[in-house]
Structures are given as C-alpha cells and as structure tokens.
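Side chains are part of it too, since the values below use all heavy atoms of this structure and drop only hydrogens, waters and symmetry mates. All of these numbers come straight from a predicted model, not from anything done at the bench.
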Amino acid sequence: MKNIVILISGSGSNMAAIVRAAGRQRWAERLNARVAAVISNRPDARGLQLAANAGIATAVVDHKSFAGREPFEAALMQAIDAHAPALVALAGFMRILTPGFVAHYAGRLLNIHPSLLPAFAGLHTHQRAIDEGCKLAGATVHRVTAELDHGDILAQAAVPVLPGDTAETLAARVLTQEHLIYPRAIADLLRTL
C-alpha cells in the first residue's frame, strides 16, 4: 500500500479534499494508496479532528516544544516515517522546512501554494496579486525543493481577479480550485509510483 502522510497547521480543508477524493475515487482499490496519517505542528489545528473523524491516524509534533528547527524536524521525520510514506503532502503546513528535511523526502514531498508560481512565492499572495493589478490568480501544486515555493510544477488552476476583490474573496475563490487540483495531482503522481 502506498501511504500518504499529510501535514497541516490549521483547518485542514485541503487535507479533507484529499481524503474525500481518496474515498470517492477508491484510491485503495484503484491506486493501492491511502491517506495513512495527518500530522500537525499545532495541537489546536481543527483539521486533526476532521482526520480522526475519518478514521485516519493523527499526531501532533508541536514546533514550540523544541529548541530549534532541527530538533523539531527530527521529531517530525520520526512521526512521518512511522507510516512509511510514498508521498508527504503539505496542506497548509505553515513551517519553512530545512534543506535536510526536504532532502530526506526528495521526490516525495508535495505542496500546494495559493498563487500561479513562479509568481508570488511566500506569503500574502492574494493581496500581492491584487496590488500588482493581475487579471488572473490561482493555485499551484509543486514538488518541494530547498528553495521556497519552487520545484517542478505538477498542476495549476487559474481564477479571474474580479473588480472589487479583496484578499479574502480572492482567497475563497482560489481555495475551491485548490480542493480540485491537489487531489488530482496526487492521484496522477500515485499512478507513476
């Protein structure tokens, strides 16, 4: 079985979209794959309860409990590796990862970013797109590399930036596309493993 471990920091809406797609599309039977665990760096992440309700193993590796990034990531890797992941999907996981962590999961670490990369890497993507006068915004699924929000692009979806958009209204429209393209990109990748 190809195990997927999903890392979250908050509500887990992208994680929930992946879990729903795995069930609806019968990944276990068709792709020999399953979401094996959801791990958060925040004990109060709402997505943990969603995962538990779906019967998925959950864990918390609270970054605030560690003296630095390397000890945190060592504990996080131990929690992830306990599930022998074929893929590790970052789904709103709000931690910048060290090159050592990224190298440990080279080729198996994915992220979804709320912009049409390479435009607007980093934070505040929706406001930056509005401020720059962009006509289109969107989301990108990409492989994670040591460079922030770079790596091979696996999928993208665009949405129009509408007159009167705020960062919040644009983010909501982009999020609906994230929920479609992330599970699709993961399923496509699982077919090649």
Side-chain angles (χ1 to χ4, degrees), residues 2-31 33-42 44-58 85-95 108-130 134 136-144 149 151-162 165-192:
K2 299 173 221 172
N3 287 337
I4 303 161
V5 174
I6 303 175
L7 305 184
I8 65 170
S9 292
S11 68
S13 72
N14 271 305
M15 173 273 300
I18 294 165
V19 170
R20 282 193 304 272
R24 272 196 321 267
Q25 298 166 13
R26 299 191 354 250
W27 288 3
E29 295 86 12
R30 293 181 174 169
L31 301 173
R34 68 181 180 132
V35 177
V38 173
I39 301 171
S40 179
N41 65 306
R42 294 183 45 195
D44 60 344
R46 291 192 330 262
L48 290 169
Q49 190 59 53
L50 292 175
N53 290 347
I56 297 167
T58 63
L87 292 176
V88 178
L90 308 178
F93 187 68
M94 301 305 290
R95 302 294 300 166
R108 300 182 289 154
L109 189 57
L110 310 177
N111 186 40
I112 186 143
H113 182 74
S115 80
L116 294 172
L117 291 174
F120 307 120
L123 299 174
H124 312 296
T125 58
H126 308 299
Q127 189 60 54
R128 289 164 58 203
I130 291 168
C134 294
L136 292 174
T140 303
V141 179
H142 65 96
R143 290 187 191 271
V144 176
D149 295 329
D152 294 341
I153 292 173
L154 303 176
Q156 288 186 307
V159 301
V161 179
L162 302 176
D165 256 340
T166 64
E168 293 77 21
T169 60
L170 182 56
R173 213 163 39 260
V174 168
L175 189 61
T176 64
Q177 294 303 307
E178 290 180 35
H179 292 170
L180 297 174
I181 66 169
Y182 208 4
R184 187 179 313 135
I186 290 171
D188 288 347
L189 194 54
L190 286 168
R191 289 183 186 95
T192 69

Which atom of [X] lies closest to which atom of [Y], heavy atoms considered:
X	Y	value
Val174	Ala139	CG1-CB, 4.0 Å
Ala86	Lys2	CB-CB, 3.9 Å
Ile6	Ala91	CG2-CB, 3.7 Å
Ala21	Trp27	O-NE1, 3.8 Å
Leu116	Ala137	CD1-O, 3.6 Å
Glu178	Pro114	OE2-CB, 3.6 Å

Less than 4.5 Å apart, any side-chain heavy atom of [X] and any of [Y]?
X	Y	result
Val159	Leu170	yes
Arg143	Leu189	yes
Ile4	Leu190	yes
Asp149	Asn111	yes
Leu123	Met94	yes
Asn14	His179	yes
Arg173	Asp165	yes
Val141	Ile186	no

Rounded to the nearest 0.5 Å, what separation is found between the [atom1] atom of [X] and the [atom2] atom of [Y]?
X	Y	atom1	atom2	answer
Arg46	Ser40	CZ	OG	11.5 Å
Leu48	Ile56	CG	CD1	11.0 Å
Ser9	Ile39	OG	CD1	12.0 Å
Ile8	Met15	CD1	CE	4.5 Å
Ser115	Gln156	OG	CD	8.0 Å
Ile112	Thr140	CD1	OG1	8.0 Å

Closer than 3.5 angstrom, by distance alone: can the side chain of Arg34 be matched with the main-chain N or O of Ala22 as a donor-acceptor pair? no
Strictly distance-based, threshold 3.5 Å: is any side-chain N or O of His113 a donor or acceptor partner for the main-chain N or O of Phe120? yes
